[in-house]
Amino acid sequence: MRESMLTEGVADDRPLNRVSSSRTYLLAIALCTFLLGLASAHAPVAGLLGAAGAGALCVLRQRTLAGVILVAMLLGLPFWQLAEVSFSYWTVLALLICASVLALRTTPSLLRVTDMAWSAFLVLGASSMVGLMLGPSQFASLFMIVGCLCGAFLGAGLARHLAMMDARILAWGEDGLGTVTRDLLLGRITSGMLHDLSQPLNVISMANGNLGYIVQRMPGDEREKRELLDRIARISSNTEIASSILSLFRWFGRESPEGDGASTVRTALLRAVSVTRSNVRHHGIEVALEGNALDYPVSAQHGRLEMMTVAALLSAFGAFASRNGPNRTGKILLDVNASPAHIIIRLYGQDKQGEQVVGRGLDNATLWLVEQVAREAGGDFRSRTHPGKQAQFTIRFARDDI
């Protein structure tokens, strides 16, 4: 009886999760896009809504569905008298072609536009719709092109926000959402473990000091005493190293560094380098700081700058890793300069021969989160994965001294 109840529960959950929440949603978008595309031959305004569906399929990476709709609309051309001469119909077909062949890696970057740009697309799309219904016929083609492009971007934006609610876009990385969730939860667990770890380190340090005091005053052979004192000194130095690492993690991402020292761009970058030094990919890679803004105060942005720099460094280290053979060695340069309102940090990677080294960039979940941190700092965080003279990462945040 109990086994049958468990079996029924599993059987009921599977169609609910796989069909209702995902497949039905995509099929509904595809069906609406197809119907609106057919209707655009008789009602050009419907083409704007069909373009929004094409944009949604593009951003949801449904190239197969977009291709099926494209073929169906092409097969419907002989049966629709107005379709062959309808500019709206062919515009929707062109957008479906883009959704079918557009490279998947470009879809997230298409949506990294400002709120002002989204507002402009909304206004232009509405104006184009009004122009199609009430404007002069000689400008109908222009209204249609502008309206469909705006509709495609707006449809992609709406699909993005809906997908963010169930983390579909955040799971576009190779490892999926499970790895990202593990890292986030591990960070929360680690904060408590670091607090508990400080007490054993203090006990070890105190016991080691007492042991040294006892050894110095105990009778016996001087050679044996020196060997014991050397081991005690080694324990003390390693305990201090562990304590410093613990301090780095306890203060990671805080708004001000530990102690009463000045909070500058230099201190934030040095802490980010220290935090990432334990990464296995860091070995053999030199990190250099240059620029005229290293000593600018950043008391209010210190933690955010440290987090953004750590994210950029971890990805930059990965660019030197090799799946076949030893890792490459080279140099990572953090170039810091000041503009009238912002501090701008550019990250460059190069190997020993001076050739630029560019990695795959951050996974979409981490990139999205770091971008939000940059926005809170009054700036932005940009990632570039194509070789060239431009920086692999660019960090920009508002200055504190103005």
Next on the checklist: Do Leu270 and Leu289 have side chains that approach each other closer than 4.5 Å (heavy atoms only, starting at C-beta)?
Outcome noted: yes
Checklist entry - What are the two closest heavy atoms between Ala99 and Cys58, and how far apart are they? => result CB-CB, 4.0 Å
Checklist entry - Just wondering, do Val298 and Phe397 contact through their side chains at under 4.5 Å, heavy atoms? => result yes
Next on the checklist: Walk me through whether His302 and Thr267 qualify under side-chain contact (heavy atoms from CB on, under 4.5 Å).
Outcome noted: CA-CA 8 Å; His302 194 279; Thr267 60; 3.1 Å; yes
Item to check | Stepwise side-chain contact (heavy atoms from CB on, under 4.5 Å) test for Leu65 and Thr33 | outcome: CA-CA 10 Å; Leu65 277 178; Thr33 304; over 6 Å; no
Checklist entry - Should the ring pair Phe393 and Phe381 be called parallel, tilted or perpendicular, given that the plane angle runs from 0 to 90° and is split at 30 and 60? => result tilted
Next on the checklist: Using modelled atom types and a 3.5 Å cut-off, is there a donor and acceptor pairing between side-chain atoms of Ser315 and backbone atoms of Ala312?
Outcome noted: no
Checklist outcome for this item: For Val59 and Ala156 the tightest heavy-atom approach is CG1-O, 3.5 Å
Checklist outcome for this item: Interatomic distance, OG1@Thr264 vs CG@Leu294, rounded to 0.5 Å, equals 8.0 Å
Checklist outcome for this item: Correct closest heavy-atom pair for Ala377 and Arg304 would be CB-CD, 3.9 Å
Checklist entry - If you look at every heavy atom in Val92 and Gly47, which pair is closest and at what distance? => result CG2-O, 3.6 Å
Item to check | Spacing of CG belonging to Asn210 relative to OG belonging to Ser205, to within rounding of 0.5 Å | outcome: 9.5 Å
Checklist entry - Of all heavy-atom pairs between Asn337 and Ala293, which one has the smallest distance, and what is that distance? => result C-CB, 3.7 Å
Item to check | Closest heavy-atom pair and its distance - Ser88, Pro44 | outcome: OG-O, 3.3 Å
Checklist entry - Can you tell me how far CG of Leu347 sits from CE of Met308, rounded to the nearest 0.5 angstrom? => result 13.0 Å
Checklist entry - Measuring from Phe139:CZ to Ile145:CD1, what's the distance to the nearest 0.5 Å? => result 13.0 Å
Checklist entry - Any side-chain heavy-atom pair from Met133 and Val45 closer than 4.5 angstrom? => result yes
Checklist entry - Backbone N or O of Phe87 within a donor-acceptor pair of the Thr91 side chain at under 3.5 Å? => result yes
Checklist outcome for this item: In this structure, OG1 of Thr64 is separated from CD1 of Ile69 (nearest 0.5 Å) by 11.0 Å
Checklist entry - Run the side-chain contact (heavy atoms from CB on, under 4.5 Å) check on Arg266 and Asp295 step by step: do they pass? => result CA-CA 6 Å; Arg266 187 189 303 273; Asp295 296 321; 3.2 Å; yes
Next on the checklist: What verdict does the side-chain contact (heavy atoms from CB on, under 4.5 Å) test give for Leu57 and Ile29, after you've listed the backbone C-alpha separation in whole Å, the side-chain angles of each residue and the deciding distance to 0.1 Å?
Outcome noted: CA-CA 8 Å; Leu57 292 175; Ile29 295 177; 3.9 Å; yes
Checklist entry - What's the spacing between Leu70 CG and Arg63 CZ if we round to 0.5 Å? => result 13.5 Å
Next on the checklist: A side-chain contact here means heavy atoms from C-beta on lying under 4.5 Å apart; do Ile345 and Leu305 qualify?
Outcome noted: yes
Checklist entry - Donor-acceptor pair, Asn208 side chain versus Ile232 backbone, under 3.5 Å? => result yes
Next on the checklist: Taking Asp335's backbone N and O only, do any of them form a donor-acceptor pair with Tyr348's side chain (distance below 3.5 Å, no angle check)?
Outcome noted: no
Checklist entry - Does Leu48 reach the side chain of Met144, with side-chain heavy atoms less than 4.5 Å apart? => result yes
Item to check | Side-chain donor or acceptor of Arg396 paired with backbone N/O of Ala374 under 3.5 Å | outcome: no
Next on the checklist: Are the side chains of Tyr89 and Leu77 in contact, using a 4.5 Å heavy-atom criterion?
Outcome noted: yes
